[in-house]
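As structure tokens, the structure follows; a few thoughts come after it.
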Number of protein chains: 2
Amino acid sequence: MVSIKDVAAHAGVSPGTVSNVLNRPGKVATATRERVEAAIKELGFVRHGSASTLRAGHSRTIGLSVIDIGNPFFTEVAAGAEDVASELGYAVILGNSAGSEEKEGRNLRVLAEQRVRGVLITPSGEDPARLDRLRERGISVVLVDHPAHRPDQCAVAVDDVAGGRAAVAHLLAGGARDLAYVTGPLTIRQCVERREGAAAALRSAGFDPDGLRVLEMATMTARAGEKAGADLLDAGLPDAVFCANDLLALGVLRSLLRAGVRVPDDVALIGYDDIDFAAASAVSLSSMRQPTYQLGRIATELLLDECDNPETHAHQHIMFQPELVARESTRCPAA
Amino acid sequence: MVSIKDVAAHAGVSPGTVSNVLNRPGKVATATRERVEAAIKELGFVRHGSASTLRAGHSRTIGLSVIDIGNPFFTEVAAGAEDVASELGYAVILGNSAGSEEKEGRNLRVLAEQRVRGVLITPSGEDPARLDRLRERGISVVLVDHPAHRPDQCAVAVDDVAGGRAAVAHLLAGGARDLAYVTGPLTIRQCVERREGAAAALRSAGFDPDGLRVLEMATMTARAGEKAGADLLDAGLPDAVFCANDLLALGVLRSLLRAGVRVPDDVALIGYDDIDFAAASAVSLSSMRQPTYQLGRIATELLLDECDNPETHAHQHIMFQPELVARESTRCPAA
DNA sequence: GTTTCAATCTGAAACGTTTCAATCCGTAGG
DNA sequence: CCTACGGATTGAAACGTTTCAGATTGAAAC
């Protein structure tokens, strides 16, 4: 395997100079630089990232830990992150926690071993301690789709309380009175806050927030949604259903349609995330849109800025507002 | 930062012994091992992956290069790969080529720098040379959703010719005669082979394979599918449309429905991949199912077997058969 | 002709781990 | 009691890069 020494010998310079060509090309005389570059090309030299990381004390990789890689929401976040990272020559190590804090912990451990420069994470629980432990090791952390745990930290989030409020206000405006909330585990912050928003909407419309039926599913998948739909059919249908994400909503929709329930006439339905497929479903799905791809991009830009310009970097807490997208699955208030 | 030496000092042993505890615990006396493990825990030691990689000559990371991380097909592959890798303590570095060979090349370069143990790749073009270059560097390569370039290589694929044939045979059995094929770039092997299968089906049914109208789109997304649908509406509708993947099909479906075209009565439609959302679309989508998650799992198992047991490893070329899933979007032949 | 200075380049040390030949120790066999 | 042996442990070398103090230029200033 050809090393920096071979390149140096071939170009008639010292290893230090080759390193400079690689890392600070401006500090090397043009003629020398070109000679070294020619040698690199000729020998097919590829820098050994681990040696570089070991000596320099930092790597050019970042970690991305998401809750469910099967959810198009996270896929878009990942796409945004990967684009930015790739532009700046960083590699992205992917970790899928699959909703399990234990697996998330294992993934974070691997990231720590790899000495990633920083970590983008949508935490699957509410334990800031393990993230603080990363920070102690000098690994920057940016929270994605989650508000900051602490002031000296970047975070990019979307206002989930506002989203829940808007979704339920929309259902109420459509005439619904008996509401159900189909959610994932209430250990997940997003699920809790969207419920709070829903309760707030009920309260300000003069209804009892405790009247909201809550179905807590173990996962936030279409399959879980189908199960929730079946449960609703068994227990008696509400006027309207608010789902904590679109996957759940698509599952509920499927169950209802299969049972001959008309959406939105018998039951109105709204999801969350506005994934691409929401618009294409059997009855097109109303949803709360979030700037997903941007979430990934901006989080990565913040992270790499924090890593590359620690002295000038200013921590930011960015909070986007979600946007209601009304489609067929909810009665239009005007009708 | 606490190193192996600190652990060694704290446990009263030599660094070599700590290394053995980490890598060959069986070779260390129980009492010593426990003492070292206690020291590790107490000091919060985390092994420096780069130092380990540098000295040992190989890392515990693999690369995954896909064509479109936004496509649920690849997401499922990634989920399968990540599960296996994570079980065996490997980290997965994600690369999204976004259909660009140039970006794929850049990603492979990063993977080479990181000295990944191996690479899982769905190549976006037909240039085996760059993969051979990885192999020369000692990086194993397993092809995913692509037949092997060479015998001494593992590959996990699905029979795309058979899939194309089955899809079009199904459309013909439903009574269609004037067919269109909506595809991604014909530089992508899958697109080409599915077309070949389509042509073969036409031929064996006694039709002219050149009668197949081909619409080649630049990307394989729902947006491109909408565009294709619009093009078909302009140019005159066929009896049936075969799409090279489900995203294209969902886009076409959307265009057609919006224009008031009835599916399948006016135009039958079949996609490919059977992503989760195919069953949930406005008119549920017929498709060709592939064992996607398994593709990722098995490819990763083969890759890691090749890395960890090079002497006993037998290269395998696995070819799955796709399966027709008939839904509403195609006329049932019996009807 | 000497001094100064900046620009450029050199070479050895250091990063934290793994590896392996060498050493140590206790026990079984003679 | 001596020898042999195997298991357990040691310690130094090596992996390929980066860093940095110092060496070497050649030109400018006096």
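Order of the sequence lines sets the chain letters (A, B, ...), proteins ahead of strands, with each chain counted from 1.
- S59(A) is linked by a side chain to side chain donor-acceptor pair (under 3.5 Å) to T61(A), counting only residues two or more places apart in sequence or in another chain.
- Without hydrogens or angle criteria, T292(A) side chain to Q290(A) main chain gives a donor-acceptor distance under 3.5 Å.
- Closest approach to the H48(A) side chain among dT18(C), dA8(D), dT17(D) is made by dT17(D) (side chain taken as heavy atoms from C-beta onward).
- Distance CE (M1(A)) to P (dT17(D)): 11 Å, rounded to an integer number of Å.
- Going from atom CG of L22(A) over to atom P of dT19(D) covers 11 Å, rounded to whole Å.
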Would you tabulate the nitrogen or oxygen pairs shorter than 3.5 Å linking the protein to nucleotides 20-22 of chain C?
none

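- Both P15(A) and T30(A) sit near DNA chain C, but only T30(A) has its closest nucleotide nearer the 5' end.
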>> Dot-bracket, 5' to 3', for DNA chain D please: Watson-Crick or G-U pairs under 3.5 Å, [ ] where pairs cross earlier ones, | where the partner sits on another strand, dots elsewhere.
In response: ||||||||||||||||||||||||||||||

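- Residue V18(B) is out of contact with every strand shown, counting any heavy-atom pair closer than 4.0 Å.
- Judged by distance alone, the side chain of R47(A) and the main-chain N or O of E113(B) form no donor-acceptor pair under 3.5 Å.
- Mapping A51(B) and G26(A) onto DNA chain C via the closest heavy atom, the residue that lands nearer the 5' end is G26(A).
- Regarding R35(B), its CZ atom lies at a distance of 14 Å from the C1' atom of dT10(D), rounded to whole Å.
- Whole-Å rounding puts the H58(A) NE2 to dT17(D) C1' distance at 12 Å.
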> Does the side chain to side chain contact (heavy atoms under 4.5 Å, CB included) test come out yes or no for Q153(B) and S140(B), once each step is laid out?
Replying inline: CA-CA 8 Å; Q153(B) 177 177 57; S140(B) 307; over 6 Å; no

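- Proximity of S52(B) to the phosphate of dT17(C): no side-chain N or O atom is located under 4.0 Å from OP1 or OP2.
- Using modelled atom types, no side-chain atom of N309(A) and backbone atom of E311(A) make a donor-acceptor pair closer than 3.5 Å.
- Between the CZ atom of R33(B) and the P atom of dA8(D) there is a distance of 10 Å, given to the nearest Å.
- For R135(B), the CZ atom is densely surrounded, since the number of other residues' heavy atoms within 6.0 Å is greater than 12.
- Between atom CG of residue L88(B) and atom CZ of residue R60(B) there is a gap of 7.0 Å, rounded to the nearest 0.5 Å.
- Judged purely by atom type and a 3.5 angstrom limit, T17(B) has no side-chain atom pairing as donor or acceptor with the backbone of V13(B).
- One can place CD1 of I4(B) at 13 Å from C1' of dG11(D), the figure rounded to the nearest angstrom.
- Separating the CG atom of L54(A) from the C1' atom of dC15(D) is a distance of 9 Å, rounded to the nearest angstrom.
- Taking atom NZ on K5(A) and atom C1' on dT19(D), their separation rounds to 15 Å, with Å as the unit.
- The side chain of R115(A) places no N or O atom within less than 4.0 Å of a non-bridging phosphate oxygen (OP1 or OP2) of dC15(C).
- In this structure, the side chain of E104(A) engages the main chain of S124(A) through a donor-acceptor pair within 3.5 Å.
- S19(A) comes within 4.0 angstrom of a base, heavy atoms only.
- For F45(B), the side-chain atoms get nearest to dT17(C) when compared with the rest of dT17(C), dT10(C), dT17(D).
- With the nearest nucleotide of DNA chain D identified for both T17(B) and R55(B), T17(B) has the one nearer the 5' end.
- Of the possible donor and acceptor atoms, one in the side chain of N96(B) sits under 3.5 Å from a partner among the backbone N and O of I69(B).
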